[in-house]
Amino acid sequence: MPQHDHADILAGLFLVALGAGAGIWSLVHYDMGTVRMMGPGMVPAVIGFIIAGLGVLITGGGFLRAGALPRLPWRAIFYVSLGVIAFAATARPFGIGPAVLLSTFLSSRADREASVVHALLLSVVLALAGFALFRYALGVPMQFIRVPL
Amino acid sequence: MSGDLFGNILLGLQTALMPVNLWYCFIGVSLGTLIGVVPGIGALTAIAMLFPITLHLEPTAAIIMLAGIFYGAGYGGSTASILLNVPGTPSSAIVCLDGYPLARKGRAGVALALTALASFIGGSIGIVLMMAFSPLLAGIALSFGPPEYFALMTLGLVAAAMISDGSAVKGLAMVALGVLVGTAGTDVYTGVQRFTFGTLSLYQGFSLVAVTMGLFGIAEVLATAGRREQTHVTQNKITFRSMIPTREDVGRFWPAALRGTGIGSLIGTLPGAGGTIASFMAYSIEKRVTRTPERFGKGAIEGISAPEAANNAADQTAFIPTLTLGIPGTPTMALIMGALLIHGIQPGPLMITERPDLFWGLVMSFWVGNVLLLVLNLPLIGIWVRLLTVPYHLMFPIIVALVCLGVYSIDRSSFDVWMVFLFGLGGYLLRLFGFSVVPLLLGFVLGPLVEENFRRTMIIARGDPSIFIDRPISAAILALTTLLLLLGFAAGLRAMTRARRLRTSSQTE
C-alpha cells in the first residue's frame, strides 16, 4: 500500500497551478483598484490565490495519508467525448440530423457489449425525433441537413 | 399581508390552471417521474438535460415545468429503490433498505402506495409552509442591503462546501473554483473583459446551461456509461388490490410520515442541504424513536414512509430561500434561479410583490402537480414499472445527444457544445479525485452576486469593512459562517491527526 495519497497530491497541485495562474494573470492584466472602489482584478486575484492556498492544504494532506490514484474508464471517456466533439464539429456545417446521428452512435460505443445494429437504429430514431421536438414542438429554427459550400 | 392570502391563492390558481401551464405542469411531472423511476439518471441530470427545452417557453410555464421535473423525480425515485434495490435518485437511496425487503415479501404494492402517499403528505405540508413563510421572509428581506446579501450568500456557499461529501477543504476549493469560473466575462462595473482571451463567445461569461449540462449531464454519463449491473425486477405486476395497506401499516405510517415531513421541511430551507440529507436524517431518527429497531432493514413501514415524506417536503421548502431571497441552497435550486434570470426575472423579495402571478402561480402549480403525481404514481404505476426494464446502454446515448442538441438549440452556438465537453470531462475528473461539483455550481451561480454585493458594500462604506460588523444582521450571519468554517477545519484536522497516528503506530510495529 502506498504511503501517500497520490490522488490528493496531484489534485492539490493542479489547484495550485490553476489558482496561482489565474491570480497572477489578474494581477498583471486587470486593474486592482482600491478597497473603496474595487477594480475588475481584485476578486479574481483574491479568489485565485485562495484556490492556490487550498490546493497547498490538499497536497499537504495527501502526504499524510495513504491512497491510490483512481482508475480511469478509458473506453467510456473516449467514446462519450467523441460523441460530444462530433456534435460540436458537425452541427453547424452539416445540420442537426448528421450531428445527432453521429453523437448518439459514437457515444453508444462506450458500452462494449452494445450491439452495433441497435446503436444505429437508436441513432436514426433519435436524429428524427430530436429534430422534430426542437424544430416543430418548440419552434427553434434549425436545419436537419445542410450541404456546406 | 395575510388578508391578501385568499386573493393571492385565487390569482395563483388562475395562473396554474391556464391550459398552457397545466399542460407543462403535466409534462414536467410526467418526465420527472419517468426520470426518477429510471435508475442512473437523477433529478439533477434530468433537469440539466431538459433545461434548454424550457428556455424556449414563456417564463411561468418554464419554471412550472422545471419545478415539476424536480419534485416529480422525488416521487418516482422510490419505485426503483423498492422494486430493484437500486435507487432511482440519490434522495431515495435510503428507501432501498426497507423497500426492497418489503417487495421480496410480496408487498411491493403496499410499499409503492405508501411511498406515493408519504410523498404527497410531505409535499403538501411543504407547500403550506412555503405559502405561509415566503411572504413573511420576503417582508424581512426587503430591508436587507448589500452587506446582508453578501453575508447570506457567503453563508450559503460555506454551508454548501461543508455539507457536500468529501473534505471541507475540497468543498471550499470547489466553491472558490466556481466563483472564479463565474468571474469570466464582462465586469459589470468597468466593462473590462475578464478571462475571455479575446473570444467573443465568452463576452457574457460561461453559459449556465453549458456548465450545468457538462457538470451534471456529460459527467454523469462518463461515470456510468459502460457499467453493467445485473438488475432484476422483483414484481412485474402491481395490482390495485395489492396496494391496500393493513390497519397495522397505516398505524405505523402516519406518525412516521409526519415526523419525516417535519425534518424534511426544516432541512430543505437550509443552504447546502437537500432531499438526500433530509431522507437519511429522517431514517436515522425513525430508527431511534422506535421501540423495535430490529425491524428496520427487514421491511419496516416507517423506514420507507419517513424518508419519502422528508425528501418531498425538503423539495418544496427549498424554494423558500431561492424565491424570497434569491439565494439557492442546492444545485437544482441554482438552476431554477438561473432559468428565472435567463428569462429576465430577478428572484428575491421584490419578485413576490412585482410578479405575484408568477410566484403564486408556481405555488399553486405545486398543488396541481402533487395531485397529478398521486394519480400518476398510484393507478398508473404499472407503466413505470415496465420502464425499469429499459437497459441503461440504450439510455446514456440518448442523454448525450439530448444534452448536445439542447445546448446547441439555445444560441445555435458550437462554442457552447465545446464548453459542455470541457466542463463534462473536467467535472468527471474532479469527481473521480474526490471533489464534489455541487459547491462548484453554487459558487458559479452565486459568485457574481457575491462580488457585486461586496463591491457595492465597499462603495457604501467608503472602503471600511467594519460595516459588516456594525450591521447586526450581517454580523450575526457572518459569525455563524465563521463558526461553520472553524468547525469544518477542526473536523478535518482531527481526521488528519488520527490518520497520522495510525500510520506512525503501524510503522513502529
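Letters A, B, ... mirror the listed sequences (proteins, then strands); counts begin at 1.
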Interatomic spacing from CG in A:Leu18 to CG in B:Leu177 - rounded to 0.5 Å
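Rounded to the nearest 0.5 Å, the CG-CG separation comes to 6.0 Å.
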
From B:Arg455 CZ over to A:Met37 CE, what is the distance, rounded to the nearest 0.5 angstrom?
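Output value for this atom pair is 7.5 Å.
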
Is the shortest side-chain heavy-atom distance between [X] and [Y] below 4.5 Å?
X        : Y        : result
A:Val84  : B:Cys404 : yes
A:Met38  : B:Phe454 : yes
B:Val407 : A:Phe87  : no
B:Phe433 : A:Pro70  : yes
A:Val43  : B:Val450 : no

Using a 3.5 Å distance criterion without hydrogens, assess whether the side chain of A:Tyr30 forms a donor-acceptor pair with backbone atoms of B:Phe195.
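Answer holds: yes.
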
Hey, is the main chain of B:Arg412 close enough, under 3.5 Å, to the side chain of A:Arg92 for a donor-acceptor pair?
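Yes, because the side chain of A:Arg92 sits within donor-acceptor range (under 3.5 Å) of the backbone of B:Arg412.
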
Toward chain A, the part of [X] with a non-hydrogen atom under 4.5 Å:
X        : answer
B:Val192 : side chain
B:Ile460 : neither
B:Thr190 : side chain
B:Leu432 : both
B:Ile53  : both
B:Phe415 : neither

For chain B, which residues from residues 96-105 of chain A lie under 4.5 Å away (heavy-atom distances)?
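Only A:Ile96, A:Val100, A:Ser103, A:Thr104 of residues 96-105 of chain A have a heavy atom under 4.5 Å from chain B.
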
With chain B as the partner chain, list the residues of residues 19-26 of chain A whose heavy atoms fall under 4.5 Å from it, by residue number, and write 'none' if nothing qualifies.
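Expected list: A:Ala22, A:Trp25, A:Ser26.
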
Taking the six-membered ring for Trp, is the centroid-to-centroid distance between A:Phe14 and B:Phe435 below 6.0 Å?
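No - the distance between ring centres of A:Phe14 and B:Phe435 does not fall below the 6.0 Å cut-off.
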
Please look at [X] and chain B and tell me whether the side chain, the backbone, both or neither of the residue comes under 4.5 angstrom of a heavy atom of that chain.
X        : result
A:Arg71  : backbone
A:Leu10  : side chain
A:Leu126 : side chain
A:Arg75  : neither
A:Leu122 : side chain

Working note: A:Asp8 + B:Lys170, criterion side-chain contact (heavy atoms from CB on, under 4.5 Å); need CA distance, chi angles, decisive distance, verdict.
CA-CA 10 Å; A:Asp8 272 11; B:Lys170 285 183 174 177; 2.8 Å; yes

Provide the closest heavy-atom pair for [X] versus [Y] in the form atom of the first, atom of the second, distance.
X        : Y        : answer
A:Gly48  : B:Leu180 : N-CD1, 4.5 Å
B:Ala176 : A:Ile51  : CB-CG1, 3.5 Å
A:Val35  : B:Gly463 : CG1-O, 3.8 Å
B:Phe396 : A:Ser107 : CE1-O, 3.1 Å

Is there a side-chain contact (heavy atoms from CB on, under 4.5 Å) between A:Ile77 and B:Leu222 once you walk through the steps?
CA-CA 6 Å; A:Ile77 292 178; B:Leu222 282 169; 4.2 Å; yes

Taking only Lys NZ, Arg NE, NH1 and NH2, and the carboxylate oxygens of Asp or Glu, determine whether B:Asp464 and A:Arg36 approach each other closer than 4.0 Å.
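No salt bridge links B:Asp464 with A:Arg36.
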
Find the one option among [options] whose heavy-atom pairs under 4.5 Å with chain B are most numerous.
options                              : answer
A:Thr90, A:Ile85, A:Thr34            : A:Ile85
A:Gly39, A:Ala7, A:Gly83, A:Pro44    : A:Pro44
A:Leu69, A:Leu72, A:Leu106, A:Val140 : A:Val140
A:Ala119, A:Ser108, A:Pro40          : A:Pro40
A:Ala11, A:Gly53, A:Ser81            : A:Ser81

Best-contacting candidate, B:Val400, B:Val188, B:Leu394, B:Leu405, against chain A by heavy atom pairs under 4.5 angstrom
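Among the listed options, the one with the most contacts to chain A is B:Leu405.
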
When heavy-atom pairs shorter than 4.5 Å are enumerated against chain A, which of B:His56, B:Arg194, B:Gln193 gives the highest number?
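Top option by heavy-atom pairs under 4.5 Å: B:Arg194.
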
Working for side-chain contact (heavy atoms from CB on, under 4.5 Å), residues A:Ile50 and B:Val179:
CA-CA 11 Å; A:Ile50 289 178; B:Val179 175; over 6 Å; no

Return yes when atom CZ of A:Phe144 has more than 12 non-hydrogen atoms of other residues, nucleotides or ligands closer than 6.0 Å, and no otherwise.
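For A:Phe144, atom CZ is crowded (more than 12 foreign heavy atoms under 6.0 Å).
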
